[in-house]
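Chain letters run A, B, ... following the sequence lines, proteins first, then strands; residues in each count from 1.
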Protein chains: 2
Amino acid sequence: MHNSSAPLIGKKYTVRCSACRVRGWGLCEPIHDDELDVVERFKAGDKVLEAGQDLFREGEPSRELYTVLEGWMFLYKLLEDGRRQIAKIVLPGDFVGFQPDLEALLDHSAQALTDVRLCVFPRDNFLELNRAHPELAIRLTCLVAHDVEMSRDRLTSVGRRSARERVAHFLLGLFYRVRLRHQEPRGASIPMPLTQEHIGDALGLTSVHVNRTLRNLRDEGLIEIANRRLHILDPDRLADAAGFDEDSLGRT
Amino acid sequence: MHNSSAPLIGKKYTVRCSACRVRGWGLCEPIHDDELDVVERFKAGDKVLEAGQDLFREGEPSRELYTVLEGWMFLYKLLEDGRRQIAKIVLPGDFVGFQPDLEALLDHSAQALTDVRLCVFPRDNFLELNRAHPELAIRLTCLVAHDVEMSRDRLTSVGRRSARERVAHFLLGLFYRVRLRHQEPRGASIPMPLTQEHIGDALGLTSVHVNRTLRNLRDEGLIEIANRRLHILDPDRLADAAGFDEDSLGRT
DNA sequence: CGTAAACGGTGATGTCGGTCAGCCTAATCT
DNA sequence: AGATTAGGCTGACCGACATCACCGTTTACG
């Protein structure tokens with residue numbers, strides 16, 4: 001379905017930590033090469049998920065924690081009547097499934113946007129691992145704190161920006177975030193597995209209105225979406241339309 | 001201005017950790033009595049702030065981290081044109097000022113809602129303290145992770161709920177949160193230092209519309225706001241109006 | 001190969017919440 | 001005591017975004 005899918009599905013091998021390509025952005029960043037066996041022994045294996053499948057659902061008990069190795073996901077919440085809010089677009093290197101009380105039920109769901117490969121940590125003894133390796137605990141705190149920042153940004157957008165500003169801000173933020181992780185050869189475009197409905201659910205808009213807004217931005221020559229790729233044609237004017245804050249770029 | 005103000009302003013003494021009344025909810029929760037001197041030595045003192053003053057502002061370098069000892073605050077972000085989004089209502093015990101990169105500039109501001117007393121930690125060596133005391137690092141992670149959950153909830157409200165649902169959900173959530181911390185003798189009311197404008201800025205609404213919504217809820221006998229106090233008259237019907245999720249109560 | 005989803009796209013119409021404008025009261029300042 | 005300000009409150013009007021309804025294209029699948 002998506003270009004990265006073919007190579008993933010079916011392969012059963014487990015990525016070795018020494019060959020982990022997202023180590024620099026993930027939880028294990030502070031682990032030295034010679035200590036790598038600590039996490040390697042802790043790791044429960046890999047897990048592969050097809051696009052569209054849920055990794056976990058709100059209300060389930062938490063069993064495992066994950067680092068995304070390949071592919072994109074998103075975190076979301078559902079209201080009783082089916083309204084959906086997407087809280088985060090998850091990229092390779094992101095750590096998902098952690099919550100303050102690991103015994104508690106999950107308060108959100110996670111779904112694969114593309115086919116996905118995950119590094120699985122067991123929930124049990126995860127805190128012990130952190131206790132034994134304070135660098136890991138501190139790294140985890142930083143990752144989570146970064147999530148808070150991104151959440152605050154998104155909340156500010158949804159609460160206070162117009163639809164046009166929101167869409168522009170979202171696309172630009174995603175663009176820089178993806179590029180910072182070198183997911184793609186640098187260029188003015190990134191893969192775009194999100195549908196207009198996903199974008200709407202992330203921004204508190206309907207897909208109809210996202211469509212119109214996107215068309216405006218396209219008509220004005222700011223962006224182009226084609227073949228599941230997003231092209232930023234005029235970053236400056238897009239940043240303008242977004243009221244984009246340069247400062248927020250330092251943060252991966 | 002607010003009832004708790006008189007006793008705070010002017011007093012210069014520093015709260016001793018052994019007498020700290022928010023220890024159970026704050027960062028220091030895992031610290032044993034006999035280890036308390038570790039944080040006591042680290043602590044830089046107390047700081048007192050009047051209602052309406054900023055503790056720090058977006059764009060400033062981070063110098064200190066704080067635990068709120070008394071009073072309420074809020075975290076917020078401003079857009080260039082002055083639109084404001086309130087990201088969190090801060091209660092006693094909450095830890096504020098932490099961010100993933102302690103060297104970076106602050107990405108949000110914090111303002112006192114009432115007169116406030118804070119426990120001040122220096123930013124420098126804070127990570128070393130955490131490295132030396134993994135329990136502290138883990139506790140910090142949990143506090144921050146809890147922030148993420150609350151952020152996601154708020155985002156879901158602002159993105160997907162109607163004004164009426166948002167207001168009901170906000171008030172009910174605040175009510176339970178305040179009560180869980182035993183801030184008040186149990187009863188159907190809590191202090192309410194927020195103006196309608198604050199509520200609007202927290203929920204992505206104008207104060208005008210908050211006013212109308214509040215009046216509806218009052219007319220229907222669900223709530224009452226008087227003398228800077230919020231009274232929950234009919235929790236069940238309010239939860240109904242909010243589409244309130246019982247599950248989200250376990251989390252302080 | 002034919003059919004059904006899934007997704008993008010678009011017009012007509014409706015409404016929720018914003019904007020503007022102004023009043024009232026209580027608290028604070030001089 | 002009078003003036004000023006912050007906050008609550010309300011009506012008239014408006015517009016941004018939602019809703020509904022429908023079409024066309026591409027992809028997946030029996």
Is B/Lys77 reaching over with its side chain to a backbone N or O of B/Asp107, donor-acceptor style, under 3.5 angstrom? yes
Ion pair B/Asp94/B/Arg177, N-O distance below 4.0 Å: yes
Specify the closest pair of heavy atoms between B/Leu203 and B/Val158, including all atoms of both residues, with the distance to one decimal. O-CG2, 3.8 Å
Which parts of nucleotides 13-25 of chain D does protein reach within less than 4.0 Å, heavy atoms only, written one letter per nucleotide 5' to 3' as B for base, S for sugar-phosphate only and - for none? ----BSBB-----
Taking atom C1' of C/dG9 as reference, at what distance in whole Å does atom CD1 of A/Ile199 sit? 14 Å
Spell out, as yes or no, whether a donor-acceptor pair under 3.5 Å connects the side chain of A/Glu220 to the backbone of A/Leu217. no
Can you tell whether the side chains of A/Glu165 and B/Arg83 come within less than 4.0 Å, N to carboxylate O? yes
Distance check: side-chain N/O of A/Gln196 vs OP1/OP2 of C/dC7, anything under 4.0 Å? no
Between B/Arg179 and B/Ser189 (side chain of the first, backbone of the second, donor and acceptor by atom type, cut-off under 3.5 Å), is there such a pair? no
Rounding to a whole Å, what distance do you find between A/Ile225:CD1 and C/dC7:P? 14 Å
Would you say the ring centers of B/Phe74 and B/His198 fall short of 6.0 Å from each other? yes
NZ/NE/NH1/NH2 to OD/OE distance under 4.0 Å, A/Arg237 and A/Asp240: no
For B/Leu203 and C/dC16, give me the distance from atom CG to atom P, rounded to whole Å. 18 Å
Would you indicate, yes or no, if D/dC9 has its OP1 or OP2 atom less than 4.0 angstrom from a side-chain nitrogen or oxygen of B/Asn211? yes
Go through the steps to decide whether B/Glu224 and B/Arg229 satisfy the test salt bridge (charged side-chain N to carboxylate O under 4.0 Å, His left out), and finish with yes or no. CA-CA 8 Å; B/Glu224 177 69 64; B/Arg229 290 192 70 84; over 6 Å; no
Quick one, which residues of residues 213-222 of chain B touch DNA chain D with a heavy atom under 4.0 Å? B/Arg215, B/Arg218
Spacing between B/Glu165 atom CD and C/dG17 atom C1', to the nearest angstrom: 14 Å
Has A/Arg228 got a side-chain N or O lying under 4.0 Å from the OP1 or OP2 atom of D/dT27? no
Could you tell me the separation between the CG atom of B/Asn227 and the C1' atom of C/dT25, rounded to a whole number of Å? 14 Å
